[in-house]
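Structure first, commentary second.
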Amino acid sequence: MSEDNQTGLIRISDDVVSTIAGLAALETAGIAGMSGGISEGLAKRLSGKNVQRGVSVEVGQVEAAIDLRVIVNYGSRIQDVCRDLQENVREAVENMTGLTVVEVNVKVEGVAFKEEELADDPHRVK
């Protein structure tokens with residue numbers, strides 16, 4: 001986004017929009033992490049350091065389109081989690097940048113199991 005006003009030009013980079021979208025995604029209930037895609041290993045989790053992994057954006061002058069690749073928590077209703085995710089990301093990007101988000105596409109690439117549940121399973125081979 002770039003805006004020309006009386007005091008100068010304002011530009012918001014794609015990386016800024018990606019970071020905002022990634023942080024909003026990680027704060028959404030039911031999202032275990034972001035996926036780096038097949039090229040980076042299917043369903044790799046994200047640490048807080050690189051919140052742009054799993055996020056692709058296309059930013060124009062006044063609009064943005066966002067694609068997210070996510071891992072959801074086992075037991076969550078995927079449809080509900082993804083709907084909440086779309087709304088949270090749209091709201092965060094629009095509020096912080098002033099851009100209009102025209103679409104938030106979500107691709108679920110994995111399901112995360114809680115580590116405690118796997119350790120307590122008596123049928124699990126150890």
Side-chain angles (χ1 to χ4, degrees):
M1 172 190 161
S2 63
E3 183 178 314
D4 208 0
N5 59 30
Q6 292 178 358
T7 58
L9 185 67
I10 298 170
R11 291 188 189 162
I12 300 173
S13 78
D14 292 6
D15 289 343
V16 170
V17 176
S18 292
T19 300
I20 294 167
L23 289 170
L26 290 173
E27 292 174 355
T28 303
I31 299 295
M34 304 298 287
S35 175
I38 293 172
S39 65
E40 298 175 35
L42 184 62
K44 249 187 194 174
R45 287 201 190 179
L46 222 195
S47 69
K49 294 178 185 174
N50 187 5
V51 293
Q52 295 174 357
R53 183 173 297 156
V55 181
S56 300
V57 300
E58 188 176 330
V59 179
Q61 292 291 325
V62 294
E63 296 178 333
I66 302 166
D67 296 320
L68 303 169
R69 295 182 313 273
V70 299
I71 303 164
V72 297
N73 289 320
Y74 178 78
S76 299
R77 289 194 48 157
I78 293 173
Q79 195 70 12
D80 294 341
V81 169
C82 290
R83 208 171 292 118
D84 291 344
L85 173 62
Q86 288 173 317
E87 185 57 36
N88 290 347
V89 169
R90 177 185 315 278
E91 199 172 290
V93 171
E94 287 182 350
N95 287 340
M96 292 186 72
T97 66
L99 293 167
T100 300
V101 177
V102 292
E103 60 185 27
V104 178
N105 301 307
V106 179
K107 181 176 182 185
V108 178
E109 291 192 342
V111 176
F113 299 93
K114 292 182 181 171
E115 305 257 343
E116 312 93 51
E117 289 177 5
L118 293 176
D120 294 341
D121 188 355
H123 301 292
R124 184 148 174 93
V125 177
K126 296 181 182 178

Practice task
Report yes or no: do V102 and V62 belong to one cluster of Ile/Leu/Val/Met/Phe/Trp/Tyr joined by side chain heavy-atom distances under 4.5 Å?
Solution key: no
Exercise for the section: With sequence neighbours excluded, tell me which residues meet side-chain hydrogen bond (donor to acceptor under 3.5 Å, both in side chains) with T28. Expected result: N88
Exercise for the section: Measure the shortest side-chain to side-chain distance between V89 and V101 over non-hydrogen atoms and say whether it is less than 4.5 angstrom. Expected result: no
Practice task
Would you indicate whether E58, at its atom CD, is surrounded by more than 12 heavy atoms from other residues, nucleotides or ligands within a distance under 6.0 Å?
Solution key: no
Handout entry: Atom of I12, atom of V59 and distance for their closest heavy-atom approach
Key = O-CG1, 4.4 Å
Handout entry: Heavy-atom side-chain proximity of E87 to R83 below 4.5 angstrom
Key = no
Handout entry: Any side-chain heavy-atom pair of I31 and V81 under 4.5 Å
Key = yes
Completion exercise
For C82 and V106, the nearest pair of non-hydrogen atoms, with its separation, is SG-CG1, 3.7 Å
Exercise for the section: Nearest 0.5 Å please: distance from the CG atom of L68 over to the OG atom of S35. Expected result: 11.5 Å
Handout entry: In one Ile/Leu/Val/Met/Phe/Trp/Tyr side-chain cluster, 4.5 Å: L26, V111
Key = yes
Practice task
Any chance you could measure N73, atom CG, to K114, atom NZ, to the nearest 0.5 Å?
Solution key: 6.5 Å
Handout entry: E91 side, atom CD; M96 side, atom CE - distance, nearest 0.5 Å
Key = 12.5 Å
Exercise for the section: Measure from the side-chain N and O atoms of E109 to the backbone N and O of R69, and report whether any donor-acceptor pair falls under 3.5 Å. Expected result: no
Exercise for the section: Quick one: closest heavy-atom pair of M34 and V55, and the distance? Expected result: CE-CG2, 3.7 Å
Handout entry: Approximate separation, where rounding is to 0.5 Å, of L99 CG and Q61 CD
Key = 9.5 Å
Problem - Residue pair T97 / V93: nearest heavy atoms and the distance that separates them - result: OG1-O, 2.5 Å
Practice task
Work out which heavy atom in S76 is nearest to a heavy atom in G30; give both atom names and the distance.
Solution key: OG-CA, 3.8 Å
Handout entry: Minimum side-chain heavy-atom gap D67-K107 below 4.5 Å
Key = no
